[in-house]
2 protein chains.
Amino acid sequence: MHEEWLEELLKFSEEDGKFSEKQLKILEAAIEMFAEKGYAATSTSEIAKRAGVAEGTIFRHYKTKKELLLAIVTPTLFQSVAPFLVKEFVKEVFEHQYEHYEDFVRTVWKNRYKFVKKYLPAIRVLWQEIAFHAEIKKQLEAVFTEHVYEKFKKIVEYFQERGEIADFPVESVIRLTITTIAGFFAARFLLMPDYDWDDEAEMERTIQFLMNGLRKKEA
Amino acid sequence: MHEEWLEELLKFSEEDGKFSEKQLKILEAAIEMFAEKGYAATSTSEIAKRAGVAEGTIFRHYKTKKELLLAIVTPTLFQSVAPFLVKEFVKEVFEHQYEHYEDFVRTVWKNRYKFVKKYLPAIRVLWQEIAFHAEIKKQLEAVFTEHVYEKFKKIVEYFQERGEIADFPVESVIRLTITTIAGFFAARFLLMPDYDWDDEAEMERTIQFLMNGLRKKEA
DNA sequence: TTTTCAAGTGAGTACTCACTCACATTTTAT
DNA sequence: ATAAAATGTGAGTGAGTACTCACTTGAAAA
């Protein structure tokens, strides 16, 4: 029984893509249980039981429980910012792949929507544990400054020069864009997953809101 | 030694305001440690040590560790939506206390800004543990539908009728307003507390963004 | 075939956990 | 002053906890 979504998530893993059947079962069980009850409240014996594996097998693959957590969280973190890891990403903007900031936002939105739907439990683990583990927070900061910030900045400046979006500081434009999109995802999937959402309509409204909010005012 | 901020936070507590010195010490220590390491990773013996109290004393006041958590989280939850608990709150809007939606947003913003600065650790505990404890999530949902939603709805409809904000569904306007404000607070106090923020300027920009985003477009 | 080695096992280890209880002290009611 | 109630104590308890280790298994390398 192959866990395809899992193996895809683990692409950014440090291990060389060689995961045994039992190891995948361990990771799958750990993701589920960490997402439900949290890392600290989940015991390795429970994980072993759910994975159908002896407890010792976990520690054959991961020296400590925390190492198992990081084996889940690190790939998820990289997948979270995956669009920005693509080399041609910024180039596409400058080569008029995206005529407006809105086209760029729409592309990122749809891409991340699929991502969240696919890997929701792993994303939960990442966001729940980030508050308690300094290593994870540092990793996020590093990934953001190295891979996201500079690229995002160039894109924002490009559309600011064309007079399309307001002359807020770049950091503010980035923050407003991210919190608007992330705000939807948080409400949609974390806070009110059972509410009767019309995802398409809500996306349209939210993007309209974002673009009007960022639009440059005539002097 | 009196913990004034704590006693104020606990106003919404079920207990009748009679907290012994040691009980306050226990609550203070628990808030700090739960905020830092999380509920599950904090032991009652550690809390007792930091509070300068015997472990048994904790269980004299709270039957279980979870009851101690709820004694922190429930008052914080009510304080979080405190403006909406004031009876005259909606009336003020209709009696032209707030001429524009923007005035209303500004008032709430400043009020909640002070609140977050004052009680940050307790708020951390609430938001970190909400994911793991169904009781807390249910409490939040109940408080929101009972005290926040209906009042917020009336305010939004009032300004929609006056043609001041767009004819999005009320739920969407509420969501966009809350996620925009909460997005700032999350970035400011949770994700990047060490960044060099200009709070006044960022508030101005964010409110400008929010109002432009929600403004009704001419037909 | 024989050797080697990674993968898997589960009983065992030292330790921590939330919680209890018999008793001591302080506060309040009579 | 005395009884009664509330508050505080800390050693004790049994059920876990993360992790170890001597051992087994199966498949590939020599």
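A note on names: the letters A, B, ... follow the listed sequences, proteins ahead of strands, and every chain is numbered from 1. All values derive from a computational prediction rather than experimental measurement.
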Expressed in angstrom and rounded to an integer, what is the separation of [X] atom [atom1] from [N] atom [atom2]?
{"X": "Glu55(B)", "N": "dG12(D)", "atom1": "CD", "atom2": "C1'", "answer": "11 Å"}
{"X": "Ile26(B)", "N": "dT7(D)", "atom1": "CD1", "atom2": "P", "answer": "12 Å"}
{"X": "Leu68(A)", "N": "dA18(D)", "atom1": "CG", "atom2": "P", "answer": "11 Å"}
{"X": "Glu67(A)", "N": "dA18(D)", "atom1": "CD", "atom2": "C1'", "answer": "14 Å"}
{"X": "Lys18(B)", "N": "dT28(C)", "atom1": "NZ", "atom2": "P", "answer": "10 Å"}
{"X": "Lys37(A)", "N": "dG16(D)", "atom1": "NZ", "atom2": "C1'", "answer": "12 Å"}
{"X": "Leu27(A)", "N": "dA7(C)", "atom1": "CG", "atom2": "P", "answer": "14 Å"}
{"X": "Glu21(B)", "N": "dT26(C)", "atom1": "CD", "atom2": "P", "answer": "16 Å"}

Does [X] have a side-chain nitrogen or oxygen under 4.0 Å from the phosphate oxygens OP1 or OP2 of [N]?
{"X": "Lys22(A)", "N": "dT9(C)", "answer": "yes"}
{"X": "Thr44(A)", "N": "dC19(D)", "answer": "no"}
{"X": "Lys63(A)", "N": "dT20(D)", "answer": "no"}
{"X": "His61(B)", "N": "dG8(D)", "answer": "yes"}
{"X": "Thr57(A)", "N": "dA7(C)", "answer": "no"}
{"X": "Ser20(B)", "N": "dT7(D)", "answer": "no"}

Original post:
Between Glu55(A) and Lys49(A), is there a salt bridge with N-O shorter than 4.0 Å?
Top reply: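 A salt bridge is absent here (no side-chain N lies under 4.0 Å from a carboxylate O).
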
**OP:** Name the nucleic acid region contacted by Ser43(A), choosing base, sugar-phosphate or nothing; use a 4.0 angstrom heavy-atom cut-off, strictly under.
**Re:** sugar-phosphate

Original post:
What nucleotide, of dT17(D), dC19(C), dT20(D), holds the atom closest to the side chain of Thr64(B)?
Top reply: dC19(C)

**OP:** State which of dT7(D), dC19(D), dA18(D) makes the closest approach to the side chain of Arg60(B).
**Re:**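 Looking only at side-chain atoms, Arg60(B) lies closest to dT7(D).
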
**OP:** With DNA chain C as reference, determine whether Gly56(B) or Gly56(A) sits nearer its 5' end, using the nearest nucleotide of each.
**Re:** Gly56(A)

Original post:
Sub-3.5 Å donor-acceptor pair from the side chain of Glu129(B) to the main-chain atoms of Leu126(B), do we have one?
Top reply: no

**OP:** Report the residues that fulfil side-chain hydrogen bond (donor to acceptor under 3.5 Å, both in side chains) with Thr42(A), sequence neighbours left out, ordered by chain and then residue number.
**Re:**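 Here no residue qualifies.
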
Subject >> Minimum heavy-atom distance Tyr119(A)-Trp5(A), with the two atoms named >> reply: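 The pair with the smallest heavy-atom distance is CE2-O, 3.4 Å.
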
**OP:** Look up atom CD in Glu67(A) and atom OG1 in Thr74(A), then write down how far apart they are to the nearest 0.5 Å.
**Re:** 10.5 Å

